[in-house]
**Student:** 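What follows is a structure written as structure tokens; I'll ask about it next.
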Amino acid sequence: MFQLTRGSLKKILDGNNVADPILQITQMKNIQNNMDGMTRYKVTLFDGETQHTFGILATQKNALVESNQLRIGSVIKLEEFAANVLSKDPPKVVIILLNFEILGEMDANSKQQPAATISQPNKHVQNENIEPNKSINQNKAKSFFDKKEADFEKPQSTNPPGTFNGFKVFGISSLNPYQNKWAIKARVTNKSNIRTYSNARGEGKLFNVELIDNTGEIRANGFNDQVDKFYEMLQIDQVYYISKATLKTANKQYCRLDNDYEMTFNNETVIQPCDETDNLPRINLNLAKISDISNHAANDFVDVIGVVKSVGDCMTIVTKSTNKELKKRELSIVDNSECAITATLWGKQAEDYDSSDSFPVILLKGAKVGDYNGRTLSVTSTTVVQINPDIPEAHTVKGWFEQGGSESEIQDLSSQGAGGSGMGAGTSIIGHTNWKFLDQLKDEKLGMGDKADYFSTKAYVLYAKKDNSMYTACPGENCNKKIFDQNDGTYRCEKCARNYPNFKWRMILNINLADFADSNWATCFQETAETILGIGTEELGELKNSNDPKFDEVFSECAFKEFNFKLRAKMETYNDERRVKVSAVTVEPIDYVQSGRRILEKIKQFAKEQV
DNA sequence: CCCCCCCC
């Protein structure tokens, strides 16, 4: 006889977390999902006091039923679950059994009779409040049946079929600003936080949701009063009727959804939860292989699914623009394209990420591509994050990882620059992905944005400017400040506010770089200048001091030498003049074997694109 | 009517 955790179901349905409740399976029903062809098991749970008729087994647990290990009468310790509110009115909560231990079994009929059957929770709960044991945000994987909800919950619509609020129900793709007699029936796939803003027009708050139906997707925005009215009601994964909202042209710069329009709720807007889910898709994914992300430009949005192979610590950084402290955490994600990419979580998502879950599958819908040292991903406020989602692609990538993928040689798209990204490794320029020819510097307006742009290039040094290339600097450990000769045998550093008996040489070398396409000036500091001139700064300083003619030769001899460069382009203002300054971050001599291979790859890629 | 998404 097992001690069931009496009262635990009510607590769960009331939105509380309950650690490892002992429950009995008293009913079980096989549901065929005609969307993905997967079998789902709907179970009735009993806690010794009440029953809940709406539990769903995560599909990865199906085998336990099929091998008869889990059956009617089984007693389980429920270690991980997600309680999802399907509707508030009538209240309907599904408990998804994600992870549990089978303790044994009791006779499902001889046990004490339930005092009551909970089919409806006493209190309305919100998804966010039901702490799914291992989630990083409200978008915890929702792993359950899709189309057969009507099998056990009959719709209770008061509207004539195909209408809502007196309007015909249209597909999202047919909405436009010129026709306002419409209703839609759509599923919420993403919901933002409430954001406040303050600008010339005043202050306000807003949120947005993403909606899908079988015809398309659209973003909807709610401002101010509509935030108060609709924010709580609209829940991720739930289906709603919506009518009488404003449609306007979407700004493609900001909207990554496939729709020319977006919706704004207004004070006439009517929204109502809906039980009929009509085969509505749960998420509209356009999954990219991680290897494909190298073909994406910065600021593209991509959908990826992979295994989290390593998790960085939550770190605090200070933003440049606002001097604000910000948390960040980097995850390295791999998939069966045998590539890895770093995805950065920010703020609360970085703090809340549960790093105790080893090698979970992560789904990122709408992650933003960055091009720092190769390619990176950034999880923005509109990115949908799901941990261990119950979709076929998740099982595929997990299977690949477990059956040797974790041991395979992985190419990391995010650690291909000097310094890497903190997740590990490569240091040579040759592994970089953002190679450019020099004409692209101007053509692509590199450095013209707010931030610096980094790129790699193979170029010749046409000319290294000798004049003013060296200066006498403070000998202090980390001070490279220009030092002043006091002409009394001492040298004054204003930064350190002291006199020194000596100085050290430093280099700021301007070079003119050229490839077949263009030429450009770039500044090389110390180490990069040493690489180009092929001499140490101190040694060069001595040549200069002694007026050795070899000093001039050093500069003339580097002409027409070829190097791989990692360059940084950034707009700077000097004497009221704004221009893009280019400086060398890294300079490496060319390994011609590796360089040839890189170019061959480029040619192959080019040939592929021509087909 | 927002539209910032940050750092190396």
**Student:** Rounded to the nearest angstrom, tell me the gap between atom NZ in A:Lys205 and atom C1' in B:dC2.
**Tutor:**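 One finds 15 Å between C1' of B:dC2 and NZ of A:Lys205, rounded.
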**Student:** Over all strands shown, is A:Thr380 touching base, sugar-phosphate only, or nothing at heavy-atom distances under 4.0 angstrom?
**Tutor:**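 Answer is base: heavy atoms of A:Thr380 come under 4.0 Å of a base.
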**Student:** Using atom CG of A:Leu377 as one end and atom P of B:dC6 as the other, report the distance to the nearest whole Å.
**Tutor:**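 Computing the A:Leu377:CG to B:dC6:P distance gives 11 Å.
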**Student:** Please confirm whether any donor atom in the side chain of A:Glu325 sits under 3.5 Å from an acceptor in the base of B:dC7, or the reverse.
**Tutor:**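 No pair found.
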**Student:** Send over the distance from A:Asn199 CG to B:dC2 P, rounded to a whole Å.
**Tutor:**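 Atom CG in A:Asn199 sits about 5 Å away from atom P in B:dC2.
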**Student:** A cation-pi test, strictly: NZ or CZ of A:Lys566 under 6.0 Å from the centre of the six-membered ring of A:Tyr372 and no more than 45 degrees from its axis. Yes or no?
**Tutor:**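 Satisfied, under 6.0 Å and within 45°.
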**Student:** Once you round it to whole Å, what is the distance between P of B:dC2 and OH of A:Tyr197?
**Tutor:**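 One finds 5 Å between P of B:dC2 and OH of A:Tyr197, rounded.
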**Student:** Does any N or O donor sit under 3.5 Å from an N or O acceptor when you compare the side chain of A:Arg219 with the base of B:dC3?
**Tutor:**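 Such a pair is found, so the answer is yes.
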**Student:** Taking donor-acceptor contacts at under 3.5 Å, does the side chain of A:Glu330 reach the base of B:dC8?
**Tutor:**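 Check fails, no donor-acceptor contact within cut-off.
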**Student:** Residues in side chain to side chain contact (heavy atoms under 4.5 Å, CB included) with A:Ser469, at least two apart?
**Tutor:**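 With sequence neighbours excluded, A:Ser469 shows a side chain to side chain contact (heavy atoms under 4.5 Å, CB included) to A:Leu509, A:Phe555, given in chain and number order.
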**Student:** Quick one: is A:Asn251 getting a side-chain N or O under 4.0 Å of the B:dC2 phosphate, OP1 or OP2?
**Tutor:**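 No, outside the criterion.
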**Student:** NZ of A:Lys566 versus P of B:dC8: gap in Å, rounded?
**Tutor:**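 Computing the A:Lys566:NZ to B:dC8:P distance gives 13 Å.
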**Student:** From the options B:dC7, B:dC3, B:dC6, select the nucleotide whose nearest atom is closest to the side chain of A:Ser378.
**Tutor:**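 Nearest to the side-chain atoms of A:Ser378, counting from C-beta on, is B:dC6.
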**Student:** Checking all strands, does A:Asn221 fall into the base, sugar-phosphate, or nothing category for heavy-atom contacts under 4.0 angstrom?
**Tutor:**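 Base contact.
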**Student:** Which part of the nucleic acid, if any, lies within contact of A:Gln226, taking any heavy atom under 4.0 Å across all strands shown: a base, the sugar-phosphate backbone alone, or nothing?
**Tutor:**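 Result for A:Gln226 = nothing.
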**Student:** Would you say A:Thr383 reaches B:dC5's phosphate, i.e. side-chain N/O to OP1/OP2 under 4.0 Å?
**Tutor:**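 Result: no.
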**Student:** Would you say a side-chain N or O of A:Lys327 is under 4.0 Å from OP1 or OP2 of B:dC6?
**Tutor:**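 No, no such contact exists.
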**Student:** What is the nucleic acid contact for A:Lys368, judged by heavy atoms within less than 4.0 Å: base, sugar-phosphate only, or nothing?
**Tutor:**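 Counting heavy atoms under 4.0 Å across all strands, the contact made by A:Lys368 is with sugar-phosphate only.
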**Student:** Taking the six-membered ring of A:Phe170 (Phe, Tyr or Trp), confirm whether the NZ or CZ of A:Lys168 is under 6.0 Å from its centre and within 45° of its axis.
**Tutor:**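 Verdict for A:Phe170: a cation-pi partner in A:Lys168.
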**Student:** Write down the distance between CG (A:Asn299) and C1' (B:dC4), rounded to a whole number of angstrom.
**Tutor:**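 In whole Å, B:dC4 C1' lies 13 Å from A:Asn299 CG.
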**Student:** Charged N to carboxylate O under 4.0 angstrom, A:Glu562 versus A:Lys458?
**Tutor:**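 Salt bridge present between A:Glu562 and A:Lys458.
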**Student:** Does a salt bridge link A:Arg282 with A:Asp237, judged by any charged N lying under 4.0 Å from a carboxylate O?
**Tutor:**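 Judged by the 4.0 Å cut-off on N to carboxylate O distance, A:Arg282 and A:Asp237 do form a salt bridge.
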**Student:** Determine, stepwise, if the pair A:Asn564 / A:Glu588 fulfils side-chain hydrogen bond (donor to acceptor under 3.5 Å, both in side chains).
**Tutor:** CA-CA 5 Å; A:Asn564 281 333; A:Glu588 287 171 7; 5.3 Å; no
**Student:** Please report, rounded to the nearest Å, how far the P atom of B:dC3 is from the CD atom of A:Glu210.
**Tutor:**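 It is 16 Å, rounded to the nearest whole Å.
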**Student:** Decide, applying a 5.5 Å centre-distance limit and a 30° plane-angle limit (both strict), whether A:Phe223 stacks on B:dC2.
**Tutor:**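 Aromatic stack with B:dC2 absent for A:Phe223.
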**Student:** Separation of A:Gln349 atom CD from B:dC6 atom P, in whole Å?
**Tutor:**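 Value for this atom pair: 13 Å.
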**Student:** Any donor-acceptor pair under 3.5 Å between the side chain of A:Thr319 and the base of B:dC7?
**Tutor:**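 In this structure, the two groups form no donor-acceptor pair.
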